[in-house]
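The structure presented is a predicted model; accordingly, all values stated were derived computationally and were not measured. Reminder, nothing fancy here: chain letters follow the sequence lines and each chain counts from 1.
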2 protein chains.
Amino acid sequence: MGSDTRQRMADAAFALFEEHGYDATTVDQIVERAGVSRSTFFRAFGSKEEVIFPRHDDLQAKITARLESGNAQTFRLAIAEAAGLVLAQYLDEGQVALTRYRLTRSVPALRDREIASTLGYQRLFREHARGWLAELGGPDVDLHAELLAASVVTAHNVVLRRWLRGETAAPWREFDDAMVAVFRGFDPAPTGGGSTVVVVGSDLPPDEVAARVRVALAGSDPTLAPADRLDGPTLGR
Amino acid sequence: MGSDTRQRMADAAFALFEEHGYDATTVDQIVERAGVSRSTFFRAFGSKEEVIFPRHDDLQAKITARLESGNAQTFRLAIAEAAGLVLAQYLDEGQVALTRYRLTRSVPALRDREIASTLGYQRLFREHARGWLAELGGPDVDLHAELLAASVVTAHNVVLRRWLRGETAAPWREFDDAMVAVFRGFDPAPTGGGSTVVVVGSDLPPDEVAARVRVALAGSDPTLAPADRLDGPTLGR
DNA sequence: GTTTGGGTGATACTGAGTGTCACACATCGA
DNA sequence: TCGATGTGTGACACTCAGTATCACCCAAAC
């Protein structure tokens, strides 16, 4: 399996895109620089666009796993942490993510594709939210699930774009605040305030615990079930 | 100017897409059936994809006009009615909109493009919302403007898709309800409830007046300025 | 040693999109 | 009436993305 070959092609493509632009770069130029044939390129990537975008499969699997570890009582934190997995992916990519951002901003075809790709994540959030909201028994479950998913993805993207543009040095803090803002406006079963019980046993840093509690408290039903809370999958950040 | 020629090409394209599918239809087949040359086709549409999508320019202008007729006190109704212009456009298209929906559902490239096109509208909402929210003086103006725009577009799309799938016979009622749901969860300046004064002078049908008042009341600051309210542009539905 | 299968290369082909030149025709002013 | 100008169209050649097919190499398995 030429995972090495694949990387060589991707490197050559990114370099040429930076040098001459996306449209002005032909696949022939890419394969020539990478020292492979056109056949190899299209077998590996399928299209010229796909060189730019990362594999989504494993990330989607991780998101699904985190969402499925939540329940109707803890869905806010599940969604927030699942969205955090996406942000973590981009931050890990570092320079590659920045280059891709420059390209998607300047080439309409790539921009369209990038936008469409976020809908894959939105779909995961929507489907899980639908189940949780149905269980909680509010009205207009489909609409609210759709709104919740769209809001989470949008809030994530706002923070991500600020980081991509170099407008923030503390993306995680902004991300947590954004998630709080999302869930504050989104309240499936208003109760008009009430007592809150938080039971936390954890070896996470105090700031981390505080951040998670804030997300959980953003809704109106901030009951925390200890067993399901901080013992679940963590972001690993 | 061959607006007639343009229509002939579009008709031929839609017919062939229905008969053989989008990918299996070549531009040569389209121009042959329409009785024109390839040159004419690409001059009129630019690409094979563009035959399917309508002109957005005039609709965007109408949306902008409606948004600019609103102000910080009446922004909810301005946004809701502006979004209603989009829905009205689709309902007017009728069969064409349904055919396009079938195509965009089955062809990934068209689906991506459709998704990306909605972002144009979202941008209009976002920019105007940013101004209004800044005037109202809440925190995180950028984030909230983005969330509001995304929510409006999402809610609109939920109703639109239900109509496209034939799942509703009363899209306008569902649309009004969806807008109410959006603004209920979106409250730029919570006041904890208060007295409300509604002054309405209008010759609209009572149901119509009621619907608009409901949208306006969805927020927490439902002050209605009569002069700016029902004397502004109407949906014409 | 032969077979089997994954990764690769070479080649030819289809079809979208671009660029250029030529032609028809309608309008307008001298 | 004539020529100039502009607009819509056709014809043609070209580039390049993406597909299909066949051949080849090489390593592991039998």
Please report the distance, rounded to the nearest Å, between [atom1] in [X] and [atom2] in [N].
X      : N      : atom1 : atom2 : result
A:E50  : D:dG18 : CD    : P     : 9 Å
B:F41  : D:dA11 : CZ    : C1'   : 18 Å
B:E32  : C:dG15 : CD    : P     : 13 Å
A:L16  : D:dC16 : CG    : P     : 14 Å
A:L110 : D:dA17 : CG    : P     : 13 Å
A:D23  : D:dT15 : CG    : P     : 17 Å
A:D28  : C:dA10 : CG    : P     : 12 Å
B:R6   : D:dG8  : CZ    : P     : 12 Å

Would you mind checking if [Y] and [X] are paired as a salt bridge, meaning a charged N to carboxylate O distance below 4.0 Å?
X      : Y      : result
A:D4   : A:R8   : yes
A:E114 : A:R111 : no
B:E19  : B:R33  : yes
B:E167 : B:R161 : no

Is it the case that the base of [N] and the side chain of [X] share a donor-acceptor contact (distance under 3.5 Å, atom types as modelled)?
X     : N      : answer
B:S37 : D:dA11 : no
A:R43 : D:dG18 : no
B:R38 : C:dG17 : yes

Look at the side chain of [X] and decide which nucleotide, out of [options], has an atom nearest to it.
X     : options                : answer
A:T26 : C:dG17, D:dC16, D:dC12 : D:dC16
A:F42 : C:dT11, D:dG18, D:dG10 : D:dG18
A:S39 : D:dA17, C:dG19, C:dA10 : C:dA10

Using the C1' atoms of five pairs at each end, what's the angle between the two axes of the helix from C:dG1-D:dC30 to C:dA30-D:dT1, to 10 degrees? 10°
Ring of A:F42, cation from A:K48 - is the NZ or CZ under 6.0 Å from the centre and inside 45° of the axis? no
Working to the nearest 0.5 Å, report the span between CD1 of B:I63 and NE2 of B:H56. 9.0 Å
side-chain hydrogen bond (donor to acceptor under 3.5 Å, both in side chains) between B:E174 and B:T168, worked out: CA-CA 8 Å; B:E174 294 195 10; B:T168 176; 2.9 Å; yes
For a quick test of reading the model: is some side-chain N or O of A:T5 closer than 4.0 Å to OP1 or OP2 of C:dG7? no
Closer than 4.0 Å, any side-chain N/O of A:T40 to the OP1 or OP2 of C:dT8? no
